[in-house]
Amino acid sequence: MLLQVAFDKPEHLALLAQMKEFADIIEIGTPLLKRLGLSAITTARELCPEVMVLADTKTVDGGQLEADMVFGAGAAFMTVLSCASSATHETVGRRAAVFGATVIVDTITEADKAELLPLNAVFPESFGYIAVHSPTDARLAGTISTSHIDAVRKMHDRGFLVSLAGGIGPDTLEAVIAVEPEILVVGSAITESASPKEVARWIRDRLPNPGRGWPWDRR
Ligand SMILES: O=C(CO)[C@H](O)[C@H](O)COP(=O)(O)O
């Protein structure tokens, strides 16, 4: 299982050096990308050259431009929303293949979307993962759902590698590890904690098969 640490605010970048020991993937979160642009990606690459960077673009259109920007800046992963057109999925997949990068299709509210499977078959190299993701705003508004955790098994049944995100931390770790996503995304439970390094270490120490879950681990 891979640990992806999500950085959503500029001040989280101060934790980069501390996280490189624990993170397999550093996520430049959507708000941080909007705030600092591509420099957030290049900063993460410079400070943690041995850790892969994911740009959480949540792309919905203009896929080629966004893919070329973030992959050109050094991101190894980007996200595209499942609700985007198939043309966007295809163009992002093609650009990822050119850069040797990986696309994560984030389902957010569409974990049952049936058309995902053919896309994965068309671009097996670049559409590496499906993300099941509990939306932050729904959780902040008080909607507590575990449907994203349950969706991991359904996505595995459909043949996908799965990234699981949204509200994951020490309180939910046991339940999320039980469904064995390939990537576990943890943001605020680490970055907003009083002791980020200790929380990251605590989570990392409990991951089954830490550092495994890349597409190439399956071959
Ligand atoms: O993509 C995101 C919000 O859309 C967040 O980066 C992701 O949900 C992880 O953050 P947290 O662990 O705080 O929920």
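Order of listing sets the numbers, starting from 1, for every ligand and every atom in it.
Between Val132 and Lys154 the shortest side-chain heavy-atom distance does not fall below 4.5 Å.
Here's the thing with Ile108: none of its N/O atoms is less than 3.5 angstrom from an N/O atom of ligand 1. The shortest N or O to N or O distance between Ser134 and ligand 1 is not under 3.5 Å. Polar contact with ligand 1: present for Gly167 (N/O pair, distance under 3.5 Å).
Sequence neighbours left out, the pairs with a member in residues 54-65 that pass salt bridge (Lys or Arg N to Asp or Glu O under 4.0 Å) are Asp56-Lys58.
Atom 7 (C) of ligand 1 has its closest protein heavy atom at His133 NE2, 3.8 Å. Nearest protein heavy-atom neighbour of atom 10 (O) of ligand 1: Gly187 CA, 3.8 Å. Of the protein's non-hydrogen atoms, Lys58 NZ, 2.9 Å is the one closest to atom 4 (O) of ligand 1. Closest to atom 14 (O) of ligand 1 among all protein heavy atoms lies Arg139 NH2, 2.7 Å. Scanning the protein for heavy atoms near atom 3 (C) of ligand 1, the closest one is Thr136 OG1, 3.3 Å.
Proximity of a side-chain donor or acceptor of Glu182 to a complementary backbone N or O of Val162 within less than 3.5 Å is detected.
Between Arg95 and Glu66, none of the side-chain N atoms (NZ, or NE/NH1/NH2) sits under 4.0 Å from a carboxylate O, so this pair counts as no salt bridge. Arg204 and Asp24 are joined by a salt bridge, as a carboxylate oxygen and a charged side-chain nitrogen come within less than 4.0 angstrom of each other.
The two atoms that bring Gly74 and Arg45 nearest to each other are O-CD, 3.3 Å, heavy atoms only.
Contacts of Asp8 with ligand 1, taken as heavy-atom pairs under 4.0 Å, involve the side chain alone.
Around CZ of Arg35, the count of heavy atoms belonging to other residues, nucleotides or ligands within 6.0 Å does not exceed 12.
Applying the side-chain contact (heavy atoms from CB on, under 4.5 Å) test to Ala55 and every residue at least two apart in sequence or in another chain returns Leu33, Ile41, Thr57, Val70, Ala75.
Every atom of ligand 1 is numbered from 1 in the order shown, and the set under 4.0 Å from a heavy atom of Asp56 is 1 (O). For ligand 1, the atoms closer than 4.0 angstrom to any heavy atom of Glu27 are 1 (O), 6 (O). Atom numbering of ligand 1 starts at 1 in the shown order; those under 4.0 Å from a heavy atom of Gly166 are 8 (O), 14 (O). For ligand 1 and Ser188, the ligand atoms under 4.0 Å from any heavy atom of the residue are 11 (P), 12 (O), 13 (O).
Looking at Ser85 and Thr88, their side chains do bring a donor and an acceptor atom within 3.5 Å of each other.
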